[in-house]
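Take a look at this one; I'll ask things after.
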There are 2 protein chains.
Amino acid sequence: MDISRLDIHNSDTPELCKSCEVRHKGMCGALNGMELTLLSKHTRQVSQPAGEELVGESTDIDAYDNIMRGVVKLSKTLEDGRQQIVGLQFAPDLVGRLYASESPMTAEAASDVDVCRVPRRILERLIDGNPELRKRLMDQSLRELDEARDWMVTLGRKTASEKVASLLLLIATHLDPDAEGERRVFDLPVSRLDIADYLGLTIETVSRQLSKLKGEKVISITANRHIEVLNFTKLRVRAG
Amino acid sequence: MDISRLDIHNSDTPELCKSCEVRHKGMCGALNGMELTLLSKHTRQVSQPAGEELVGESTDIDAYDNIMRGVVKLSKTLEDGRQQIVGLQFAPDLVGRLYASESPMTAEAASDVDVCRVPRRILERLIDGNPELRKRLMDQSLRELDEARDWMVTLGRKTASEKVASLLLLIATHLDPDAEGERRVFDLPVSRLDIADYLGLTIETVSRQLSKLKGEKVISITANRHIEVLNFTKLRVRAG
DNA sequence: CGTCGAGTTGATGTCGCTCAATGTCAGTGG
DNA sequence: CCACTGACATTGAGCGACATCAACTCGACG
């Protein structure tokens with residue numbers, strides 16, 4: 001039986017983690033050929049359109065998702081429906097609370113995403129045996145902690161216009177890490193409601209602040225989602 | 001030369017991590033006799049009164065602090081002076097950003113604290129050689145990440161009165177984890193300003209909300225800092 | 001006592017929320 | 001081609017929660 005026919009990943013030279021970026025910075029870059037082969041035998045690629053849930057709040061975790069493409073939003077909801085987005089994850093992050101049996105939050109595709117779904121046991125076994133992988137995941141966790149704490153400052157102490165500027169800055173730097181100069185161009189991977197839920201604001205306030213930034217020629221907006229940053233320095237100043 | 005005279009920790013049976021709780025749940029509980037001895041040779045106990053800084057924002061990290069007693073607050077400050085507390089740490093937590101050369105935030109004694117100060121290199125060497133220690137520190141980091149994200153919901157989506165109730169709840173559960181029934185008694189380890197900076201409010205608003213909870217017989221306050229929770233269930237409801 | 005820091009309480013102001021109307025655009029069907 | 005629809009976004013008017021500013025209380029300490 002030729003297992004390579006069953007799954008695109010079941011080949012001798014695994015197709016997993018194809019992109020250069022993912023290979024270099026992501027989890028798979030820490031694996032040797034044997035480990036990649038093991039992984040490929042148990043992994044399947046999953047594509048989810050924007051809005052689909054990957055992991056529900058307080059549901060069992062039986063797999064982790066390695067983001068190959070797209071943006072994932074992590075959110076928590078109060079009983080009465082108030083929602084707060086507590087993080088955005090970009091390729092090549094790993095989605096899922098390590099070592100917990102139950103997810104403390106919802107993970108949802110913000111844009112269309114492709115992920116590699118790894119069974120929990122498999123990943124945890126790989127972690128135990130591979131110090132380099134362990135280090136990368138530890139680094140990701142610590143980076144997420146730093147980002148969460150930075151965002152606490154934004155949520156607790158910044159004004160609405162600083163919040164919106166901060167988010168544009170965050171997305172710009174994540175989607176285009178090594179751009180230079182004053183101009184940045186990108187598509188917002190999230191809706192106005194998501195922005196509001198990330199910033200602890202309402203969609204109306206977000207809209208007003210975006211319009212204000214537009215009026216002051218700091219950014220220009222076309223087709224609702226397409227952002228051109230005209231003056232990156234000014235945007236950074238406005239982010240507080 | 002009798003080195004045991006030089007440092008209270010330099011003895012054959014190290015006096016480090018004396019308390020039962022610390023020994024069981026803290027970092028030192030993961031160490032064997034040899035490791036404890038190594039640690040004791042390089043560790044010194046430091047006592048800081050409330051308000052003293054342990055690590056400054058964007059200063060070099062050359063040591064980690066293991067909390068033996070007291071409460072440490074972690075905070076970040078914007079250029080214009082606005083401050084946000086991004087975490088509280090209790091015994092037996094380890095203070096300090098692992099694997100970073102520079103601290104992303106200020107760590108300051110909220111109450112009077114005693115810490116064991118461990119040189120960075122020593123701790124990192126111990127981590128490399130001890131899977132159990134590694135796991136405990138990973139767990140602490142992941143727990144801090146969970147707490148930071150929970151707090152983002154509080155900061156972004158809760159009202160002032162829910163915020164204050166949430167903080168009382170947080171402190172009550174940390175200072176007295178396995179209490180039962182409706183009553184809790186504790187002393188606030190932080191000032192009104194700290195509370196305000198943790199909740200993203202002003203001291204006046206904090207004060208008014210505390211007075212309201214007092215008026216509604218949910219808590220009673222004596223001597224500014226001494227809190228008696230009269231109705232824990234009601235407090236939990238108010239926390240949202 | 002007088003002073004000082006921490007906390008409380010009151011009066012007033014304002015930023016962001018609420019509610020409601022309007023605009024934009026893609027999709028659908030006549 | 002245009003009308004209709006529904007999802008999403010923008011804009012405006014009014015209001016309320018929290019901030020700001022200021023006065024006052026209280027205990028600690030010289």
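Just the heavy atoms: all of them, side chains too, but no hydrogens, waters or symmetry mates, feed the values below. Only a predicted model underlies this, so the values are computations on that prediction, with no experimental measurement involved.
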Quiz: residues 233-240 of chain A side-chain donor-acceptor pairs under 3.5 angstrom, not counting sequence neighbours:
unit_1 : atom_1 : unit_2 : atom_2 : d
A/T233 : OG1    : A/E182 : OE1    : 3.2
A/T233 : OG1    : A/E182 : OE2    : 2.4
A/R238 : NH1    : A/E216 : OE1    : 2.8

A/I221 has an atom CD1; how far is it from atom P of C/dT24, in whole Å? 14 Å
Within this structure, what is the CG-to-C1' distance between A/N224 and D/dA9, rounded to whole angstrom? 6 Å
Roughly, in whole Å, what's the span from CG in B/L199 to C1' in D/dC18? 13 Å
Whether the side chain of A/D114 engages the backbone of A/R69 through a donor-acceptor N/O pair (distance < 3.5 Å, no angle test) should be reported. no
Would you sketch DNA chain D in dot-bracket for me? Only Watson-Crick or G-U wobble pairs with both distances under 3.5 Å count, crossing pairs as [ ], other-strand pairs as |, the rest as dots. ||||||||||||||||||||||||||||||
Donor-acceptor pair, B/T205 side chain versus B/L201 backbone, under 3.5 Å? no
N/O to N/O distances under 3.5 Å, protein versus nucleotides 11-15 of chain D:
unit_1 : atom_1 : unit_2 : atom_2 : d
D/dT11 : OP2    : A/S211 : OG     : 2.4
D/dG12 : N7     : A/R208 : NH1    : 2.7
D/dG12 : O6     : A/R208 : NH2    : 3.2

In this structure, how many angstroms lie between the P atom of C/dT9 and the NZ atom of B/K212, rounded? 14 Å
Sequence neighbours excluded, which residues qualify as ring pair (Phe, Tyr, Trp, His ring centres under 6.0 Å) partners of B/H174? B/F90
Output the rounded distance in Å from NE2 (B/H226) to C1' (D/dG27). 17 Å
So if I take residues 156-166 of chain B and measure heavy-atom distances to DNA chain D, which residues fall below 4.0 Å? B/T159, B/A160
Look at the side chain of A/R184 and the backbone N and O of A/G181, then say whether any donor-acceptor pair between them is shorter than 3.5 Å. yes
In whole Å, what is the span from the CZ atom of B/R192 to the C1' atom of D/dG27? 14 Å
Working to the nearest 0.5 Å, report the span between OG of B/S75 and CD of B/E108. 6.0 Å
Whole angstrom value for the distance that separates P of D/dC8 from CZ of A/R225: 9 Å
Are A/D65 and A/R117 within salt-bridge range, i.e. N to O under 4.0 Å? yes
Measure the spacing between CD1 of A/I227 and CG of A/L210 and express it to the nearest 0.5 Å. 6.0 Å
Donor-acceptor pair, A/Q83 side chain versus A/L78 backbone, under 3.5 Å? no
For the pair made of CZ in B/R82 and P in C/dC15, what is the distance, rounded to whole Å? 13 Å
Please answer whether the main-chain N or O of A/Y198 pairs with a side-chain N or O of A/Q84 as donor and acceptor at a distance below 3.5 Å. yes
So what does B/L210 touch, heavy atoms closer than 4.0 Å: a base, only the sugar-phosphate, or nothing? nothing
Determine which pairs satisfy salt bridge (charged side-chain N to carboxylate O under 4.0 Å, His left out) with at least one residue from residues 146-174 of chain A, sequence neighbours left out, and list them in order. A/D146-B/R97, A/R149-B/E144, A/D150-B/K76, A/R157-B/D197, A/E162-B/R82
